[in-house]
Amino acid sequence: MRRVDLCSSSEGAEVVLATSSDEKHPPENIIDGNPETFWTTTGMFPQEFIIYFHKHVRIEKLVIQSYLVRTLRIEKSTSKEPVDFEQWIEKDLAHTEGQLQNEEIVVRDGSATYLRFIILSAFDHFASVHSISAEGIAVSNLA
C-alpha cells in the first residue's frame, strides 16, 4: 500500500467544521496543498476544525504548519459521524517570531475517520493554520 498525504483535498479529505471563517482565509485552505493559503482564527480561544477522510485511515506522521499557535490538542474518531472523539495528542508549540511553526509528530494508534484540531491558546489574538498533512495509508472504505 502506498503512503500518501491523507489530509489532502486531492485524496478526498474535507474540512467539515470550523469554528471561524474569514472569506479570504476559509478553512478549506488548510488542506488545499497551496503554501500561500491559510485559515485564520477570529480571536477567541479555543478554536477548532475537523477533517473528514471519507475512509478509515492509519496515520503514522502529522506535519502541521501554523503561525502563533501556543497549545494544540488533536482528537480522533473512528465513527461514521463526527462523534465519540478521544484525545490523542496535546502539544505546546514553540513561538517562532515572524516564521511559520513546523511541527512534525510521529504518532501511534493513528486509526481515524475524523481528526479534530483544537487550538486551545495562541501567542496573539489571532492564529493561523497553513497546512496539515498526515502521512499514512487508507485502510478501508466506510461500510
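Side chains are part of it too, since the values below use all heavy atoms of this structure and drop only hydrogens, waters and symmetry mates. In what follows, residues are counted from 1 in the order of the sequence shown.
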Practice item. Return yes if a side-chain donor-acceptor contact under 3.5 Å exists between Ser20 and Gln47, otherwise no. Key: yes
Check your understanding: Do the side chains of Val15 and Leu17 get nearer than 4.5 Å, heavy atoms only?
Key -> no
Enumerate, atom names and distances included, each donor-acceptor pair closer than 3.5 Å involving a side-chain atom of residues 118-126, sequence neighbours excluded.
unit_1, atom_1, unit_2, atom_2, d
Ser121, OG, Thr71, OG1, 3.2

Check your understanding: Looking at Leu62 and Ala134, what are the two nearest heavy atoms and their distance?
Key -> CD2-CB, 3.7 Å
Point to revise | Reported CG-to-CD distance for the pair Leu6 and Glu60, which is rounded to 0.5 angstrom | key: 8.5 Å
Check your understanding: CD of Glu48 to CZ of Arg73: how many Å apart, nearest 0.5 Å?
Key -> 10.0 Å
Check your understanding: By side-chain hydrogen bond (donor to acceptor under 3.5 Å, both in side chains), which residues pair with Ser9, not counting sequence neighbours?
Key -> none
Practice item. Determine the minimum heavy-atom distance between Ile132 and Cys7, stating which atoms define it. Key: O-CB, 3.3 Å
Review point. What are the two closest non-hydrogen atoms of Val69 and Leu93, and how far apart are they?
Key: O-CB, 3.5 Å
Exercise for review: Give, for atom CZ of Arg58 and atom CD1 of Ile137, the distance between the pair rounded to the nearest 0.5 Å.
Suggested key: 3.5 Å
Point to revise | Close side-chain approach of Trp88 and Glu75, heavy atoms under 4.5 Å | key: no
Review point. Would a 4.5 Å heavy-atom cut-off, applied to side chains only, mark Ser8 and Ser133 as touching?
Key: no
Study note, to complete from the structure: Taken to the nearest 0.5 Å, the spacing of His54 NE2 from Asn141 CG works out to 11.5 Å
Practice item. Specify the closest pair of heavy atoms between Leu115 and Ile59, including all atoms of both residues, with the distance to one decimal. Key: CD1-CD1, 3.7 Å
Review point. What ring pair (Phe, Tyr, Trp, His ring centres under 6.0 Å) pairs are there with at least one residue in residues 64-84, not counting sequence neighbours?
Key: none
Practice item. Hey, could you give me the CD/CD1 distance between Gln65 and Ile30, rounded to the nearest 0.5 Å? Key: 12.0 Å
Exercise for review: Report the residues that fulfil side-chain contact (heavy atoms from CB on, under 4.5 Å) with Val16, sequence neighbours left out, ordered by chain and then residue number.
Suggested key: Glu14, Ile50, Tyr52, Tyr114
Review point. What pairs meet the ring pair (Phe, Tyr, Trp, His ring centres under 6.0 Å) rule with one or both residues in residues 10-50, with sequence neighbours excluded?
Key: His25-Phe38, Phe38-His130, Trp39-Phe49, Phe49-Phe117
**Study point:** Val107 side chain near Ile89 side chain, heavy-atom distance below 4.5 Å
**Key:** yes
Practice item. Would you mind reporting whether Asp84 and Ser79 have side-chain heavy atoms less than 4.5 Å apart? Key: yes
Practice item. Return yes if a side-chain donor-acceptor contact under 3.5 Å exists between Asp32 and Thr37, otherwise no. Key: yes
Exercise for review: Check step by step if side chain to side chain contact (heavy atoms under 4.5 Å, CB included) holds for Asn102 and Glu104.
Suggested key: CA-CA 7 Å; Asn102 282 298; Glu104 191 171 298; over 6 Å; no
Practice item. Using the test side-chain contact (heavy atoms from CB on, under 4.5 Å), find all partners of Glu28 that sit at least two apart in sequence or belong to another chain. Key: Pro26
Practice item. Side-chain contact test, heavy atoms from C-beta onward, threshold under 4.5 Å: evaluate it for Leu72 versus Ile64 and give yes or no. Key: yes
Study note, to complete from the structure: Value for CG (Asp22) from OG (Ser128), rounded to nearest 0.5 Å, stands at 11.5 Å
Check your understanding: So, Gln101 versus Thr96: side-chain donor-acceptor pair below 3.5 Å or not?
Key -> no
Review point. Side-chain contact, heavy-atom cut-off 4.5 Å: Thr113 with Val57?
Key: no
Check your understanding: What heavy-atom pair brings Ala112 and Lys76 nearest, and what distance separates the two atoms?
Key -> CB-CB, 4.1 Å
